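Input: a single structure, listed below in C-alpha cells.
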Amino acid sequence: MPPYGSLNVSKWLGVATVIAAMLAGASYAHGQKQTERYIPLGQSPGLSGKTTALGVVESANSAARAITVAGRTFRVTERTRIWLDRSRIKLTTQDGSFADLQPGRRVEVMPESGTPGAPAAWIKVEMTASGGANR
Amino acid sequence: MQVQRAGRQVRKIALSGVLLGLVAACQTPPPPPADPEQALIAKGRELFFNETFAGNGRTCGSCHREEANFSIDPAFIATLPPDDPLFVAEFNPDLKANFENPRLMREFGLILENLDGFDDLPNKFVMRGVPHVLGLRNSVASPQGPRTGWSGDGAPGDGSLRSFATGAVIQHFTKTLNRVAGVDFRLPTDEELDALEAFQLSLGRQEDLVLPLPLKGTVAKRGQEIFLDNNLGKCNLCHQNAGANANFGAGSLGNANFDTGVENLPDQPARLTGEKVPHDDGFGRPGDGTFNTPPLVEAADSGPFFHNNAIETIEGAVGFYDGESFNNSPAGQLLAAADPEGNGIELDGTQIVEIAAFLRVINALENIRQSTTLLTQSLDKKVADTTRAPELINRARPEIRDAAQVLAGAGLHPQAVAHLETAAKAARKAAKRWFGRRDLTERALQELQKARAELIETLAMPERKG
C-alpha cells in the first residue's frame, strides 16, 4: 500500500483535540427546530412523552421566573421560547411570554438538557376558545 | 357463412376472456412482504412518493426524485409540467409570497427554508439546494447526536432522521403560511415516521467503502492517491473513505460539521441575479457558520454542489478547496495549522481533475452496484409479473444512465461507457417487453459487469466491508 501522506502526528493530534473540543461544545439547540413552534402539544416526535413534561401549570413564580408542571420545576430564561399553540382553535402559533404561563393552562415543557434543574428550552401553551384554561 | 362468423366471434370472445383473466392475474397488487422490515420499507416508499399529508400537494418525492438521485437540479426541474406541486408557489395564491423564490428554484434548484425562525418571513430565510438522501445509514450519526440536512439541524423534535419528515411537512407541505396542524397539513403519525425512516435508511449504500480501491484508470487512481494523502489532498480527513464521517487520527468524529467558507465564495450564482439571498449562518440559531459533511461516493451525479448549489461541476467543487474562501475559513485554517509548511489545501489543475475523476469513478461503481441489484431483483419476479419486474428495471435505468454520464462527462473509461450504453438499451427494451424480458435483463447485467471490469480489478475485491 502506498504511503498516503506521512502524518505529522503531534500536529494532527492537536487538530483532533481542537475539533473534538469544538464538537463537544456543540449546543443542543438546532436550526430547523424552528418548525417545532408549529407542532401541537404532545406531538413532538421523539420528545413528547419521553423528554418533555406535559401537564397543567401547577404554579408560576414570576419573581423566580419558574413554573411547576407535573411536579417538576423549570426555570424560564431569556433563551426560553414560549409559544401559544392555537391549533385547537385552528389558528396559527403565536409567541408568548411568561405572563401566558398561567396556573391551570395546559403546557408542554422541553428542558434544555437532561440535567435536573435545567431551564426550559421551550414551552408550548395550549390555547383554547376559552383562552386556555383546560381543566 | 353466418355459422362460421358466429364461431369466429365466440372464439374471439373466449380468447379475450382468457387474455383479460391473464392481465387481471398479472396486475394483482403485490402481496405485502413477509419480512416486517421490508414491509415497513415498502410502506415508507409509498408514503414518501404519494402521501401529501393533507397539504399543498407536495410529497417528499416532489423534491427528492428517485429518477434524479433523490434530489433535483435545474435541468430536471425544466422537464416538469407547470402544475407540478414543486411549483406550488406559482399557482397557489396563499403561497405566492415568502414560501419559495420561483426564479431561484427554476434557475438554480434552490428551495426556501426558514431555518432561523418564522417571525420575519420576507427577510429571514435561506436558499438551499436539495440534498440527496442516499447512504443515510452511514451519514447521520455523530457523537453530538443525529445530523440531518445541510447544516445538520434539519429535524425538529429529537433532531433525528425519524423526526425530519415532521419538520419537512411544516416547512414545505403547508397550504398557507399560517402553518396550522390539522388545517394546513396533518402531521405524520408515529407509524408513518417509522416507515419513512426505514425507507430512507434503505436507500443507497448500507456501508462505507474501504479505500484504497484497486482502480484501473490512471487518472482516477492518481486521484485516489491524492484524496487519501493527508499532506496533499487531505480529503480523507473529513470524508473518510469518501463518506461523510471525519477522522483526524484520533478515532471517528462521526458526521461532523465544519465552517468551510462556502458562504464566502465570491460571485455566487444565486446572488448574481439580484434576488434577495440572505447570508446562511448554518447550524443553530443564531448559526455558528458550520455545515454538515455530505458523503462523496454519491456526489458526482448529484450536483450542483454545496448547500447553496454554488458550483455546478464536481471539478469545480474539488477546486473550491484550493481557493481562498476555503483556505481562509476556520476549517482551512485548522488544516494549515497542522501542515508542516502551514498550507491548507494547495492543488494544481491536474490534481483537481484527478480527484474529480476518482469521485466520478466511485460514483459510477455505485451506480453499477445499484442497477445490478435492481436488475437482479427483477429477475426474481415471475415471468407473468407485468408490473413489478418492469418497475425494478425502470428504477435501474437512471442509475445506468448516470454511470455513463459521470464517466463520459470527463472522458473517462470510454470502453466502460460503451458497455453502459449497451446495458441501458437492453434495460430499456426489457422494461417494455414481456417476451424476451429475461434475456434482455441478463444482457444488461452482463454489460454492467463488463463496464465494472473496466473500472476496477474485479478479482482483488472486497470493495465493501462486511
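Computed from a predicted model, the values in this text were never measured in an experiment. The chains referred to below are lettered A, B, ... by the order of the sequence lines, with proteins before strands, and numbering in each begins at 1.
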Contacting region of B:L193 [heavy-atom separation from chain A under 4.5 Å]: side chain
Selection from A:D95, A:L91, A:T93 maximising heavy-atom pairs under 4.5 Å formed with chain B: A:L91
Does any heavy atom of chain A fall under 4.5 Å from the side chain of B:R162, the backbone, both, or neither of them? side chain
Between B:Y321 and B:F326, does the ring centre distance come in under 6.0 Å? yes
Under 6.0 Å between the ring centres of B:F358 and B:F227? yes
Less than 4.5 Å to any heavy atom of chain A: does that hold for the side chain of B:T166, its backbone, both, or neither? side chain
Hey, are B:D119 and B:K124 close enough for a salt bridge, meaning a charged N less than 4.0 Å from a carboxylate O? yes
Within the 4.5 Å heavy-atom criterion, are A:S44 and A:M110 side-chain neighbours or not? no
